[in-house]
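Here is the structure we will look at.
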Number of protein chains: 2
Amino acid sequence: MNLWADREKLLAQVRAQMNQKRYDHTLGVADAARTLAERYGADPDKAELAGILHDYCKCWPVEKMREILVRHDMPRELIDGDKELWHAFVGAVVIQTELGVTDPEILQAVRYHTTGREGMSLLEKVVCVADYIEPNRSFPGVDEIRRLAEKNLDEALAFALGGTITHLVERKKQVYPLTLLAYNDLVRKGGNGW
Amino acid sequence: MNLWADREKLLAQVRAQMNQKRYDHTLGVADAARTLAERYGADPDKAELAGILHDYCKCWPVEKMREILVRHDMPRELIDGDKELWHAFVGAVVIQTELGVTDPEILQAVRYHTTGREGMSLLEKVVCVADYIEPNRSFPGVDEIRRLAEKNLDEALAFALGGTITHLVERKKQVYPLTLLAYNDLVRKGGNGW
């Protein structure tokens, strides 16, 4: 389908993959991503589309996701790691094969929206931060991320990823290495400017 | 020199590299490492010796350490990273070249005593935990590490490294990737047993 021409059809397709709460979140991220894109000079249409698509597989059965990860030869540390991360990598595969999304920027934004990675593109940062701050989200620190996102996207993302890292460590959970590399990269580039 | 036969000479040599406070810490680590080794089945003599040597270069000038790192072709992320980590990697080189330490277990215990790494040996864990808990150390959480070290070395080390990670993130500082890998490895192996 032509994703923008058939916007209603796309939204119906997305809606069919998830529950109402996840769909509300999806629309919130799409909207927040467009706003951030306009603020920081990313492509607003791509940002909104990546937002609409970012959690396409979030509610899929774990076994279906695992099968796709194995079939696409994803890293062992991902398959053996936290299942909460799978939907992003699976989503990037599925929106390409089932919906015909070919734009590499959008595919990468979906792929890395949960873990982050070293050297994130502007669109990847926009979607990742939008996922943290859309209006339905509520967790300790979210208002500080929202405040930072008004003035400095990198600082907002470093703070958000740092919060994820400490949240996991405080619960004796593993931290996906890409997330630390994303955090380190932003801190290194931010220098003492924050 | 024969390190154990010339114990007094070795201690004088170590003392000459550092200030009194660092030397007191060094003796504390040596003693704590011997105790932990006896508790968990590592070699007590090796543990004590690694403790005596672990901070051999801690008070050396930064430029002298940098020169050694560069000459030995150490990873870029180490040279570009936090200088607080350098003394461990430099120390492992210097105690080999200047003191004639050849035991690979002791060299590794000195090399990784600050960062940790994935797949740490028992002796490496002993020295790393001893460095956190020796009696002169005082920081938030140290008593919990001391308590855990009485019963489970891996849990004590995971908690200690986790504390280091959150301490750094809360100060917007980078975390050396090996430290996260060490933490993840311990958490993975600990499972839900802690």
Side-chain angles (χ1 to χ4, degrees), chain A residues 75-85 115-120 132 139-141 144-145 147-149 151-194, chain B residues 75-85 115-120 132 139-141 144-145 147-149 151-194:
Chain A
R76 201 68 242 173
E77 65 184 2
L78 180 65
I79 297 173
D80 291 342
D82 190 342
K83 296 174 183 59
E84 290 298 315
L85 307 178
T115 57
R117 64 161 174 157
E118 199 168 2
M120 291 171 80
Y132 277 104
F139 56 88
E144 177 66 4
I145 306 174
R147 192 185 66 76
L148 292 169
K151 63 183 182 81
N152 188 319
L153 187 66
D154 282 2
E155 189 173 2
L157 185 52
F159 183 83
L161 293 174
T164 294
I165 292 166
T166 57
H167 177 86
L168 290 168
V169 169
E170 284 164 1
R171 280 153 191 77
K172 299 183 189 172
K173 295 189 76 170
Q174 293 183 60
V175 177
Y176 198 65
L178 271 189
T179 303
L180 184 79
L181 295 180
Y183 164 83
N184 277 348
D185 190 34
L186 293 163
V187 169
R188 187 166 45 240
K189 289 173 181 165
N192 297 318
W194 298 344
Chain B
R76 202 67 241 173
E77 65 184 1
L78 179 66
I79 298 174
D80 291 342
D82 190 342
K83 296 175 184 58
E84 291 298 314
L85 307 178
T115 56
R117 64 163 175 157
E118 200 167 3
M120 292 171 81
Y132 277 104
F139 57 88
E144 177 66 3
I145 306 174
R147 193 185 66 75
L148 292 170
K151 62 182 183 85
N152 188 318
L153 187 67
D154 282 1
E155 188 174 0
L157 185 52
F159 183 82
L161 294 174
T164 294
I165 292 166
T166 56
H167 177 86
L168 290 168
V169 169
E170 283 164 2
R171 280 153 191 78
K172 299 184 189 171
K173 294 188 76 170
Q174 294 182 61
V175 177
Y176 196 65
L178 271 190
T179 303
L180 184 79
L181 296 180
Y183 164 83
N184 277 349
D185 190 33
L186 293 163
V187 169
R188 186 165 47 237
K189 289 173 181 164
N192 296 318
W194 298 342

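Excluded from the calculations below are hydrogen atoms, water molecules and symmetry mates; all remaining heavy atoms, backbone and side chain alike, are included. Labels below follow one simple rule: chain letters A, B, ... track the order of the sequence lines, proteins then strands, and each chain is numbered from 1.
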Query raised in the report: Is the side chain of A:Asn184 donor-acceptor paired with the backbone N or O of B:Tyr176 at a distance under 3.5 Å, no angle test?
Result: no

Requested in this report: Could you tell me which non-hydrogen atom of A:Pro177 sits nearest to which non-hydrogen atom of B:Leu181, and how far apart they are?
Outcome: CG-CD2, 4.0 Å

Report summary line: Ranking B:Val175, B:Asp185, B:Thr166 by heavy-atom pairs under 4.5 Å to chain A gives rank one to B:Val175

Report task. Can you measure from OH (B:Tyr183) to CD1 (A:Ile165) and round to the nearest 0.5 angstrom? Result -> 11.0 Å

